[in-house]
Undergrad: 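Can you read through this structure? Questions will come right after.
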Amino acid sequence: MDWVSVSQLKERIGQEVELRGWLDGKRSSGKLHFLQVRDGSGVVQCVMFRGDVDEATFQRADHLAHESSVVVHGSVKADARSPIGVEVSAKGFEVVHESEEYPITPKEHGVAFLMEHRHLWLRSSRQRAILRVRAEIIAAVRSFFDDRGFVLVDAPIFTPAACEGTTTLFETDYFGEKAYLTQSGQLYMEAAAMALGKVYCFGPTFRAEKSKTRRHLTEFWMVEPEVAYFTLTEDMVLAEEFLEYVVSRVLERRRPELALLERNTAALEKVKAPFPRLSHREAVALLLEKGVPADENDDFGAEQETVLAQSFEKPVIVHRYPAVCKAFYMKKDPADPSRALCMDVLAPEGYGEVIGGGQREDSLEALESEIRRHALPMEAFKWYLDLRRYGSVPHAGFGLGIERTVAWICGLPHVRETIPFPRMLEKITP
RNA sequence: UCCUCGGUAGCUCAGGGGUAGAGCGACCGGCUGUUAACCGGUUGGUCGGGGGUUCAAAUCCCUCCCGAGGAGCCA
């Protein structure tokens with residue numbers, strides 16, 4: 001008898017099969033049991049009639065806790081009442097391990113309880129759908145860059161100093177020296193772009209900020225492309241094509257998961273390049289028009305970002321922020337040196353910033369002066385400055401936060417469900 | 001770090017000075033088509049910790065701990 005996954009059952013109608021999985025649910029009606037068996041590929045109902053199995057097996061199935069691991073032998077039958085179109089008539093039934101009383105029940109639970117049981121919560125249908133969409137997004141990200149001639153270059157996790165200097169870093173002891181967990185692979189990608197032209201890194205990043213919101217994690221995954229000879233305009237085009245590709249691929253391959261999550265896919269269908277683009281000054285004007293206070297020389301706050309994003313059905317690109325709000329490596333706009341050649345992509349439906357990036361400063365003198373202005377240790381950036389000594393070229397790139405992208409595409413209110421084991425402010429278990 | 005709300009049964013919550021409650025879960029029983037099954041019964045408590053006020057505190061006060069939402073900052 002063949003071991004078959006639930007997802008393959010439709011091709012096995014009329015055949016005897018073996019299923020290996022977990023008892024996802026159970027209902028009983030006197031002389032028959034309805035056993036929902038989950039094996040990772042799906043859930044199928046196994047119907048066990050008293051008389052089809054020996055009495056001991058029938059009793060065993062009647063007194064079995066949720067999540068007990070089981071092996072079922074039976075024949076596959078088409079059934080219109082089944083959500084997946086098939087059922088299994090159980091003939092044999094083996095308990096691999098009898099579960100203790102399972103803490104997560106079909107009824108409602110609070111977020112705190114579910115997060116404490118994250119290792120078990122992953123088994124529930126919504127969480128399985130989210131993890132599959134996350135995996136699809138990551139696969140799409142890699143295909144997009146791989147297919148366009150980008151080379152994957154891994155950035156280090158241990159770094160000797162702040163990449164941006166402004167945000168808090170996790171400090172570790174590195175053989176008696178201070179080292180920090182990376183908050184961005186960008187500076188290393190700039191070096192790699194000078195070697196390979198088009199590169200990207202994809203890995204975890206760490207921010208020790210005491211942020212306590214639905215958009216923040218202390219450990220999150222980021223993809224960061226960097227391209228030699230790219231300017232801001234080309235960077236924005238790349239970001240648009242990239243987001244369009246990722247969203248369309250999820251729509252193409254993960255419809256059932258999006259349906260289970262009750263995601264409004266019509267909103268996602270609209271994510272087609274080009275996106276609306278506003279300079280920071282234009283965005284401020286739009287906000288003032290809508291009666292929202294805004295300042296041309298200030299960064300946007302949460303409310304302003306939300307209003308901007310809700311003004312459009314597609315993601316919106318805001319570029320040329322005031323240079324004073326931005327990191328030291330951002331190139332100034334030659335047409336207006338008070339502006340940085342940077343851009344943010346704000347996702348629609350209130351999901352906020354999913355991409356941040358821009359053109360990098362390529363002049364040695366300008367970069368040195370910015371490092372001094374930000375009071376950063378020049379010595380730590382010696383190697384980075386070398387990139388401006390030996391064949392410096394215009395270049396640009398951006399970073400996309402995977403978890404915010406997953407939250408947006410899945411329509412989730414909080415990033416904590418978008419990563420298998422979230423690391424948040426004062427939360428490191430399980 | 002700051003602001004707001006919360007912590008009572010395994011879970012979700014009600015009770016806000018005078019005998020500790022409900023639904024779900026679990027357990028026992030019934031039912032040959034259940035989909036969060038249904039019906040009957042049983043079980044279930046350090047009311048977050050400590051201190052105070054009071055004849056009497058889950059309830060009022062102080063303090064600490066934990067959780068949720070928001071701000072700033074960011075992806």
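Remember, it's a predicted structure, so these values are computed and weren't measured experimentally. Order of the sequence lines sets the chain letters (A, B, ...), proteins ahead of strands, with each chain counted from 1.
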Undergrad: Give A/F49 one of three labels, base, sugar-phosphate or nothing, depending on what nucleic acid heavy atoms sit under 4.0 Å from its own.
TA: base

Undergrad: Between B/C73, B/U12, B/A75, spot the one nearest the side chain of A/F113, thanks.
TA: B/U12

Undergrad: Ignoring hydrogens and angles, are the base of B/C74 and the side chain of A/H216 linked by a donor-acceptor pair under 3.5 Å?
TA: yes

Undergrad: So what does A/Q45 hit on the nucleic acid, given a heavy-atom distance under 4.0 Å: a base, only sugar-phosphate, or nothing?
TA: base

Undergrad: Does NZ or CZ of A/R277 fall inside the cone over A/F275's six-membered ring, less than 6.0 Å from its centre and within 45° of the axis?
TA: no

Undergrad: Any side-chain to backbone donor/acceptor pair from A/R60 onto A/A56? Under 3.5 Å, distance only.
TA: no

Undergrad: Assess the pair A/W121 and A/F113: is the distance between their ring centroids shorter than 6.0 Å?
TA: no

Undergrad: So, is A/R50 close to the B/G33 phosphate, meaning a side-chain N or O under 4.0 Å from OP1 or OP2?
TA: no

Undergrad: Name the nucleic acid region contacted by A/I402, choosing base, sugar-phosphate or nothing; use a 4.0 angstrom heavy-atom cut-off, strictly under.
TA: nothing

Undergrad: What nucleic acid atoms does A/D344 come within less than 4.0 Å of, heavy atoms only: base, sugar-phosphate, or nothing?
TA: nothing

Undergrad: Please state whether the base of B/G33 and the side chain of A/E87 form at least one donor-acceptor pair under 3.5 Å?
TA: yes

Undergrad: What does A/A302 touch in the nucleic acid at a heavy-atom separation under 4.0 angstrom: a base, only the sugar-phosphate, or nothing?
TA: sugar-phosphate

Undergrad: At under 4.0 Å, does any side-chain N or O of A/H63 touch on OP1 or OP2 of B/C28?
TA: yes

Undergrad: Counting heavy atoms not belonging to A/L288, are there more than 12 under 6.0 Å from its CG?
TA: yes

Undergrad: Who does B/C55 pair with, Watson-Crick or G-U, both distances under 3.5 Å?
TA: B/G18

Undergrad: Contact class for A/S82 vs. all strands (heavy atom < 4.0 Å): base, sugar-phosphate, or nothing?
TA: nothing

Undergrad: Can you confirm whether more than 12 heavy atoms, excluding those of A/E100, are under 6.0 Å from its CD atom?
TA: no

Undergrad: Taking the same atom, P, in B/U46 and in B/U4, what whole-Å distance lies between them?
TA: 31 Å

Undergrad: Contact class for A/G301 vs. all strands (heavy atom < 4.0 Å): base, sugar-phosphate, or nothing?
TA: sugar-phosphate

Undergrad: Indicate the ring-plane relationship of A/H280 and A/Y321, choosing parallel, tilted or perpendicular according to the 30° and 60° boundaries.
TA: tilted

Undergrad: Say you pick atom C1' in B/G44 and the same atom in B/C28; how far apart are they, in whole Å?
TA: 15 Å

Undergrad: Roughly how far apart, to the nearest Å, are B/C55 and B/G69 at atom C1'?
TA: 42 Å

Undergrad: Among the nucleotides B/A75, B/C31, B/G69, which one has an atom lying closest to any side-chain atom of A/S28?
TA: B/C31

Undergrad: Under 5.5 Å centre to centre and under 30° between planes: does that hold for A/F34 and the six-membered base ring of B/G33?
TA: no

Undergrad: Want to settle it: does A/D79 or A/G110 sit nearer the 5' end of RNA chain B, counting the closest nucleotide to each?
TA: A/G110

Undergrad: Pick the C1' atom in B/A22 and in B/G15, then give their distance to the nearest Å.
TA: 11 Å

Undergrad: Would you tell me if any nitrogen or oxygen in the side chain of A/K212 comes within less than 4.0 Å of OP1 or OP2 on B/G70?
TA: no

Undergrad: Determine the interatomic distance between C1' on B/G67 and the same-named atom on B/A26; round to the nearest Å.
TA: 26 Å

Undergrad: With rounding to whole Å, what would you report as the distance between B/G7 and B/C61 at their P atoms?
TA: 14 Å

Undergrad: A/H66 has an atom NE2; how far is it from atom P of B/A26, in whole Å?
TA: 6 Å

Undergrad: Rounded to whole angstroms, how far apart are CD on A/E116 and P on B/C66?
TA: 13 Å

Undergrad: Round to a whole Å and report the spacing from CG of A/L169 to P of B/A75.
TA: 13 Å

Undergrad: Which of the following nucleotides, B/C31, B/C74, B/G69, is nearest to the side chain of A/R215?
TA: B/C74

Undergrad: Select base, sugar-phosphate, or nothing to describe what A/H117 touches, counting heavy atoms under 4.0 Å on all strands.
TA: nothing

Undergrad: If the C1' atom of B/A75 is compared with that of B/A68, how far apart are they to the nearest Å?
TA: 23 Å

Undergrad: With a 3.5 Å limit on both atom pairs, tell me what B/U1 is paired to, counting Watson-Crick and G-U wobble, or say none.
TA: B/A71

Undergrad: Can you tell me how far C1' of B/A75 sits from CZ of A/F202, to the nearest Å?
TA: 13 Å

Undergrad: Does any donor-acceptor pair link the side chain of A/R404 with the base of B/C74 at a separation under 3.5 Å?
TA: yes

Undergrad: Report the nucleotide, chosen from B/G33, B/G69, B/A36, that has the shortest atom-to-atom distance to any side-chain atom of A/R27.
TA: B/A36

Undergrad: Would you find more than 12 non-hydrogen atoms of other residues, nucleotides or ligands less than 6.0 Å from A/E313 atom CD?
TA: no

Undergrad: What about A/S211: does its side chain form a donor-acceptor pair under 3.5 Å with the base of B/C73?
TA: yes

Undergrad: Would you measure the distance from the C1' atom in B/G25 across to the matching atom in B/A9 and give it in whole Å?
TA: 11 Å

Undergrad: Can the ring centres of A/F145 and A/F242 be said to be less than 6.0 Å apart?
TA: yes

Undergrad: What's the CG-P distance between A/D62 and B/G30, to the nearest Å?
TA: 9 Å

